[in-house]
Amino acid sequence: MTAVVLDAISKTWRGAARPAIDAVSLALPAGLTTTLVGPSGCGKSTLLQVIAGLTAPDAGTVALGGRVVTALAPEKRGAVLMGQDPALFQHMSVAGNVAFGLGLRGVPRAEVDVRVAELLERVRLPGFGARRPASLSGGEAQRVALARALAVRPAVLLLDEPFTALDPGLRETMRALVRELLRETGTTALLVTHDHGEAAAMGDRLAVMLDGRIARVGTPEDVFADPGSAAVARFLGANVIAGRVVAGGVETAFGRVALEGGSDGATLSLAIRPEAVRLGGEGPSARVTGVEFRGGATVVTLAAGEGETLVATLDPVAARGMVVGAIVPVELPAERVTVVRDVPRASA
Ligand SMILES: Nc1ncnc2c1ncn2[C@@H]1O[C@H](COP(=O)(O)OP(=O)(O)OP(=O)(O)O)[C@@H](O)[C@H]1O
């Protein structure tokens, strides 16, 4: 079942030279979390604002639960937007904040109290009802905001980088809690993030947005394994290298890859993730141009051919002794290489 259907949404902000969103069509499956990633300024927040009804699109329709809501006011849609600032009502207690949405919808008082207590329990804040927002830590305030958002059982919960303001340890805890809560409550969610790892971990589905368009949608596993276009592959951190079809494979500056198909002599682009590149063995050689120890991994940059570069992520132990200027054998395992188009596909 589909909870949210965006059909050919376009939006150009006043005075802007180009659209912030350009004919975006996207369907969000009910009860699942879709994560939306893309570079800064690609239109992610604008898209959330259009769904929430905070700004009107120039063209296209938004349907929630089968109902077209494009012309409805934000409070009549059933979409709730939550950002990195919890934006709690400071003059109300925690319980008052969580109850706010319920009260507006005319739920009886006794039922409100029970629901509020249940929700505070769910976000691991039992007994916090009487507290004032000013007395809460950042993580606690964010959990109250989440309880307030879930209280109204939104048709879609829109999360705009909700973990960005939290420190790394707390971010991990919040991610796990939010993931669990969204699953438990069967909430349909659209979560915007800059962080690829977060997008992969949080999403049942992953959508990549580039220049105002949805460039790729799928399960996180599929999108990472087969990014579809060179632009999506690069955005997700993969190497993109040029190849030429020869008998028995595709020739690249870093050696031949045993891929089938394509007519002899055809040129194409190949994507391979840094962690899939192997250094060693019998492969052709490349020159090390950079070695960077990053704690859990060592990132090695290589050059070959006419200015082609390749990034490999190695276990730090395996990378010991790797120095700039060294000539090392490279292997590109065919099962980890995909052919990508140079123009992103517009799909939903
Ligand atoms: N209220 C606004 N008025 C005018 N222009 C805006 C407004 N909001 C966003 N824009 C512009 O629209 C474009 C898309 O911005 P948007 O905030 O949607 O991108 P984003 O992908 O969410 O970026 P970030 O990841 O940095 O938050 C940008 O060029 C931005 O400057």
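Fair warning: this is a prediction, and the values are worked out from it, not measured in the lab. Start at 1 and go down the list; that is how both ligands and their atoms are numbered. What's counted below: heavy atoms across the whole structure, side chains too, no hydrogens, waters or symmetry copies.
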W13 side chain to T46 side chain, donor-acceptor N/O pair below 3.5 angstrom: yes
Sub-4.0 Å protein heavy atom next to atom 30 (C) of ligand 1: no
Minimum-distance protein heavy atom relative to atom 17 (O) of ligand 1: S45 CB, 3.7 Å
Proximal ligand 1 atoms for H194, defined as those under 4.0 Å from one of its heavy atoms: 25 (O)
Close approach of A16 to ligand 1, heavy atoms, under 4.0 angstrom: no
Check: I272 main-chain N/O paired with N239 side-chain donor or acceptor under 3.5 Å: yes
Atom 26 (O) of ligand 1 - nearest protein heavy atom and its distance: S40 OG, 2.5 Å
Cation-pi geometry met for R143 and F128 (6.0 Å, 45°): no
Check: L72 main-chain N/O paired with R77 side-chain donor or acceptor under 3.5 Å: yes
Atom indices of ligand 1 within 4.0 angstrom of P39 heavy atoms, with elements: 21 (O)
Shortest protein contact, atom 25 (O) of ligand 1 (heavy atom only): K44 NZ, 2.8 Å
Minimum heavy-atom distance between V223 and G218, given as atom pair plus value: CG2-N, 3.5 Å
Side-chain (S269) to main-chain (I241) donor-acceptor, under 3.5 angstrom: no
Electrostatic pair R205-D222, nearest N-O below 4.0 angstrom: no
Heavy-atom nearest neighbour in the protein, as seen from atom 28 (C) of ligand 1, with distance rounded to 0.1 Å: G41 O, 4.0 Å
Any side-chain donor near an acceptor of the partner, S45 and D160, under 3.5 Å: yes
Nitrogen or oxygen atoms of G43 and ligand 1 under 3.5 Å apart: yes
Atom 16 (P) of ligand 1 [closest protein heavy-atom partner, distance rounded to 0.1 Å]: T46 OG1, 3.6 Å
Which residue and heavy atom of the protein sit nearest atom 7 (C) of ligand 1, plus the separation: W13 CE2, 3.3 Å
